[in-house]
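Keep in mind that the numbers below use all heavy atoms, side chains included, and drop hydrogens, waters and symmetry copies.
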Protein chains: 2
Amino acid sequence: MTNPLPSDPYLALSAALQRWAELPQPQWLVVREGFRRRKAVARELVVFPGSQSHDLLFVSRGLLRFFYLDEGGRETNKAFVAENEFAAPLASAVLQQPVYYGVEALEETEYLSMPLGEFRALYHRHPVFERLGRCLAEMLLVRKERRMRSMLEQTATERYRTFLTENPLLAERIPQYHLASYLGITEVSLSRLKKAL
Amino acid sequence: MTNPLPSDPYLALSAALQRWAELPQPQWLVVREGFRRRKAVARELVVFPGSQSHDLLFVSRGLLRFFYLDEGGRETNKAFVAENEFAAPLASAVLQQPVYYGVEALEETEYLSMPLGEFRALYHRHPVFERLGRCLAEMLLVRKERRMRSMLEQTATERYRTFLTENPLLAERIPQYHLASYLGITEVSLSRLKKAL
DNA sequence: GAAGCGCCTTAACAAATGATAAGCTGCGCT
DNA sequence: AGCGCAGCTTATCATTTGTTAAGGCGCTTC
């Protein structure tokens with residue numbers, strides 16, 4: 001049985017943005033205009049690696065997997081982004097490079113998408129947009145900082161345990177082999193250290 | 001023989017900021033007022049791990065080493081910051097937590113320091129400060145993104161080679177065992193893979 | 001129910017890395 | 001010169017992780 005009253009993704013977006021800055025109605029309308037509503041079925045490729053289009057994403061339902069793709073064709077999971085979370089190829093945009101990762105939907109996913117160039121152009125229009133941009137960058141930084149520290153300080157086993165405690169619900173939605181890649185090990189190795197409790 | 005005309009660190013700071021946004025004279029003076037000039041001798045501890053004071057740093061001469069300190073007392077190098085580079089415990093400030101890393105001068109270092117809380121308070125005073133804050137966060141994000149990708153996709157050997165090609169001069173200023181820690185391996189292991197060319 | 005597929009586990013072996021200890025080298029100091 | 005120390009290397013062995021291959025389990029599809 002699905003939710004009989006599906007919440008408006010734009011409502012969720014508005015709430016998320018308001019947590020960063022008080023967004024006056026006129027400016028909110030500009031943002032709302034920029035974001036397009038999109039859907040992806042499970043296993044659908046949302047962003048193709050090497051894409052020239054940079055999009056700011058906001059997931060309202062479902063789960064996205066972000067992955068690097070090396071020359072050998074091997075994937076390494078970079079992040080998982082679920083409900084009410086943002087994602088953006090900020091580094092690529094700043095450096096004016098094509099997006100170097102791909103995005104795949106792990107479940108049927110509903111999300112909002114706005115060209116990052118368009119969003120960044122707003123910075124010059126009104127200070128509140130600049131603030132949103134700062135908060136976006138800071139949020140991404142905090143996320144990456146936590147991950148970086150975890151990778152440098154912890155062993156694979158510790159990283160796994162940490163992930164489970166911090167994302168108990170999310171862990172059940174992610175296939176083991178994708179989680180392993182995210183933790184920086186192989187599926188076999190993860191299975192092994194799980195057995196060792 | 002030292003430089004007979006030592007450049008003004010504030011001049012370097014101004015140039016660095018101007019690269020991010022056109023900073024009008026009055027606002028520049030506010031920033032300049034906030035930054036204090038400091039020096040550290042080689043091996044001096046600039047920031048003690050767990051410190052409650054969050055500082056925005058700008059190195060004008062020398063080299064700083066940023067390191068995590070785990071419960072067992074073991075250090076892991078998080079970053080090296082040299083001339084004309086910024087560093088800031090943005091994640092800690094955003095989450096309102098004590099700084100979870102330490103900073104040590106690897107050489108005699110001259111730097112400018114401003115309380116991060118003071119800097120962030122400026123965001124509400126003028127849009128140009130907000131822009132500087134955004135650019136600061138974006139820069140830190142780009143730096144961390146590159147590092148993260150390198151850690152996930154590359155082997156220790158590849159990371160070492162990459163570091164050498166991208167920072168040939170810096171590599172010679174960093175002791176091997178500190179570089180090893182930065183690369184996520186031990187000093188012994190680095191020595192080993194160097195021999196294997 | 002048989003076949004196919006996705007996901008997970010297990011086993012056996014190879015490779016990479018850690019831990020510990022010992023020794024080498026350059027350099028500053030007295 | 002002799003000493004002490006910091007930084008680097010080397011050797012040895014233990015541990016972790018990767019690789020490859022095989023099989024199990026549940027689910028869907030025909």
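Ion pairing between a basic and an acidic side chain is recognised when a charged N comes within 4.0 Å of a carboxylate O; R74(A) and E153(B) show no such pairing. With respect to E138(B) and R134(A), no salt bridge is recorded, no charged nitrogen being found less than 4.0 Å from a carboxylate O. Under 4.0 Å is where a charged nitrogen must lie from a carboxylate oxygen, and between E145(A) and R149(A) no such pair does. Between R43(B) and E108(B), none of the side-chain N atoms (NZ, or NE/NH1/NH2) sits under 4.0 Å from a carboxylate O, so this pair counts as no salt bridge.
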Show each protein N/O and nucleotides 25-29 of chain C N/O combination with a separation under 3.5 Å, one pair to a line.
none

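Within a 6.0 Å radius of CZ in R38(A), other residues, nucleotides and ligands contribute more than 12 heavy atoms. Other residues, nucleotides and ligands place no more than 12 heavy atoms under 6.0 Å from the CZ atom of R125(A).
F67(B) meets the ring pair (Phe, Tyr, Trp, His ring centres under 6.0 Å) test with no other residue; sequence neighbours excluded. Residues that satisfy the side chain to side chain donor-acceptor pair (under 3.5 Å) test with S51(A), not counting sequence neighbours, are S53(A). Qualifying ring pair (Phe, Tyr, Trp, His ring centres under 6.0 Å) partners for F35(B), counting only residues two or more places apart in sequence or in other chains: none.
Counting only residues at least two apart or on different chains, the ring-ring contact (aromatic ring centres under 6.0 Å, His included) pairs with a member in residues 162-186 of chain A are F80(A)-Y182(A), F163(A)-Y182(A). Applying the ring-ring contact (aromatic ring centres under 6.0 Å, His included) definition to pairs two or more places apart or across chains, those involving residues 114-151 of chain B are F119(B)-Y123(B). For residues 12-24 of chain B, no pair satisfies side-chain hydrogen bond (donor to acceptor under 3.5 Å, both in side chains), with sequence neighbours left out.
For the segment residues 152-179 of chain A, the set of residues with a heavy atom within less than 4.0 Å of an atom of DNA chain D comprises A156(A), in numerical order. Within a heavy-atom distance below 4.0 Å of DNA chain D, no residue of residues 62-75 of chain B is found. A heavy atom lying under 4.0 Å from DNA chain D marks the following residues of residues 181-197 of chain B, by number: E187(B), V188(B), S191(B), R192(B), K194(B), K195(B).
K78(B) forms no cation-pi arrangement with F66(B), by the criterion of a distance under 6.0 Å to the ring centre and an angle within 45° of the ring axis.
A tilted orientation is assigned to the rings of F86(B) and F58(B), their planes being inclined by 30° to 60°.
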Q.
One pair to check against salt bridge (Lys or Arg N to Asp or Glu O under 4.0 Å): R173(A) and E107(A). What are the steps and the verdict?
A. CA-CA 8 Å; R173(A) 297 162 66 185; E107(A) 309 170 351; 2.7 Å; yes

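With a heavy-atom cut-off of 4.0 Å to chain B, the contacted part of DNA chain D has its first and last nucleotide at dA6(D) to dT12(D).
Taking the C1' atoms of five terminal pairs at each end of the helix from dG1(C)-dC30(D) to dT30(C)-dA1(D), the two resulting helix axes are inclined by 30°, rounded to 10°.
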